[in-house]
Amino acid sequence: MQFTRRERDCMEKVADAGSINLTKLSSALGIRKQILEKDKNNLIILTSLGRKYAGDMAFRHRVLETLFAKNGVPLGEACRECRKIDFILSEETVIDIFNKLKKPSRCPHGKPIATSI
């Protein structure tokens, strides 16, 4: 099984501590984007900022997936490959791709491509 550097770091911190709360883990990993919080039932949920970022990531993924699928990449493979890069590309690049694709309203899976960026 392969892990990202961030996943490895997370596992290492939890293993070293035995158990750790979300705030301490976030601090230890240098994650201070304030995208997660606990609800009244102690469940982890997205903050309003987290929901915005999640929407931005969905936009990026769906635009790239559309690009790949329109260029002959099988849908399942397109989705897997997009997951490897959708968070890396700049906002400007993804918007350029979106515009060159003539602003599709839905991805190949039929999910809406909302222009939240």
Side-chain angles (χ1 to χ4, degrees):
M1 179 174 291
Q2 287 187 314
F3 297 100
T4 66
R5 181 181 57 82
R6 183 64 82 189
E7 290 168 332
R8 182 213 54 213
D9 292 349
C10 181
M11 286 186 289
E12 184 178 73
K13 296 293 181 194
V14 174
D16 288 348
S19 65
I20 191 169
N21 71 35
L22 181 63
T23 303
K24 287 182 182 174
L25 179 61
S26 295
S27 179
L29 294 174
I31 301 169
R32 292 181 177 87
K33 292 187 170 95
Q34 299 178 333
I35 58 174
L36 300 174
E37 64 186 0
K38 288 184 182 179
D39 70 5
K40 63 182 179 182
N41 297 315
N42 230 17
L43 298 173
I44 304 299
I45 60 170
L46 292 171
T47 63
S48 59
L49 184 60
R51 287 190 299 276
K52 182 207 176 305
Y53 287 148
D56 292 351
M57 292 307 302
F59 173 78
R60 291 166 185 263
H61 182 87
R62 292 172 186 170
V63 168
L64 292 174
E65 190 175 60
T66 301
L67 174 68
F68 288 9
K70 283 187 179 237
N71 285 283
V73 178
L75 189 51
E77 184 179 338
C79 186
R80 283 188 301 278
E81 292 300 312
C82 287
R83 288 190 173 282
K84 295 176 184 176
I85 63 168
D86 57 10
F87 62 96
I88 297 172
L89 295 177
S90 72
E91 177 181 316
E92 294 80 15
T93 296
V94 176
I95 289 172
D96 284 347
I97 293 167
F98 177 68
N99 290 331
K100 285 183 172 75
L101 290 170
K102 299 184 174 142
K103 301 180 180 182
S105 62
R106 300 208 169 265
C107 77
H109 288 107
K111 295 179 181 176
I113 300 177
T115 55
S116 62
I117 291 180

Report the distance from atom [atom1] of [X] to atom [atom2] of [Y], rounding to the nearest 0.5 Å.
{"X": "T47", "Y": "E37", "atom1": "OG1", "atom2": "CD", "value": "6.0 Å"}
{"X": "K52", "Y": "M57", "atom1": "NZ", "atom2": "CE", "value": "11.5 Å"}
{"X": "S48", "Y": "I35", "atom1": "OG", "atom2": "CD1", "value": "12.0 Å"}
{"X": "L67", "Y": "C107", "atom1": "CG", "atom2": "SG", "value": "13.0 Å"}

Under the side chain to side chain contact (heavy atoms under 4.5 Å, CB included) test, which residues partner [X], sequence neighbours left out?
{"X": "R106", "value": "P112"}
{"X": "I88", "value": "none"}
{"X": "N42", "value": "K38"}
{"X": "N41", "value": "D39, L43"}

Donor-acceptor pairs under 3.5 Å, side chain of residues 95-104 to any protein atom, not counting sequence neighbours: which ones?
| unit_1 | atom_1 | unit_2 | atom_2 | d |
| --- | --- | --- | --- | --- |
| N99 | ND2 | I95 | O | 3.3 |

Checking side-chain contact (heavy atoms from CB on, under 4.5 Å) for the pair S19/V14: CA distance, chi angles, key distance, verdict? CA-CA 6 Å; S19 65; V14 174; 5.9 Å; no

If you look only at pairs with a residue in residues 36-56, which of them pass as a ring pair (Phe, Tyr, Trp, His ring centres under 6.0 Å), with sequence neighbours excluded?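 Qualifying pairs, neighbours excluded: none.
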
Tell me which pairs pass ring pair (Phe, Tyr, Trp, His ring centres under 6.0 Å) where either residue lies in residues 61-97, with sequence neighbours left out.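 For residues 61-97, and leaving out neighbouring residues, there are no ring pair (Phe, Tyr, Trp, His ring centres under 6.0 Å) pairs at all.
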
Would you find a donor on one side and an acceptor on the other, under 3.5 Å apart, between the side chain of R62 and the backbone of I113?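 Between the backbone of I113 and the side chain of R62 there is no qualifying donor-acceptor contact (under 3.5 Å).
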
What residues form a side-chain hydrogen bond (donor to acceptor under 3.5 Å, both in side chains) with T93, not counting sequence neighbours?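 Testing T93 for side-chain hydrogen bond (donor to acceptor under 3.5 Å, both in side chains), a comparison that skips the adjacent residues, returns S90.
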
Side chains of residues 73-84: which donor-acceptor partners sit under 3.5 Å, not counting sequence neighbours?
| unit_1 | atom_1 | unit_2 | atom_2 | d |
| --- | --- | --- | --- | --- |
| R80 | NH1 | G76 | O | 3.3 |
| E81 | OE2 | K84 | NZ | 3.0 |

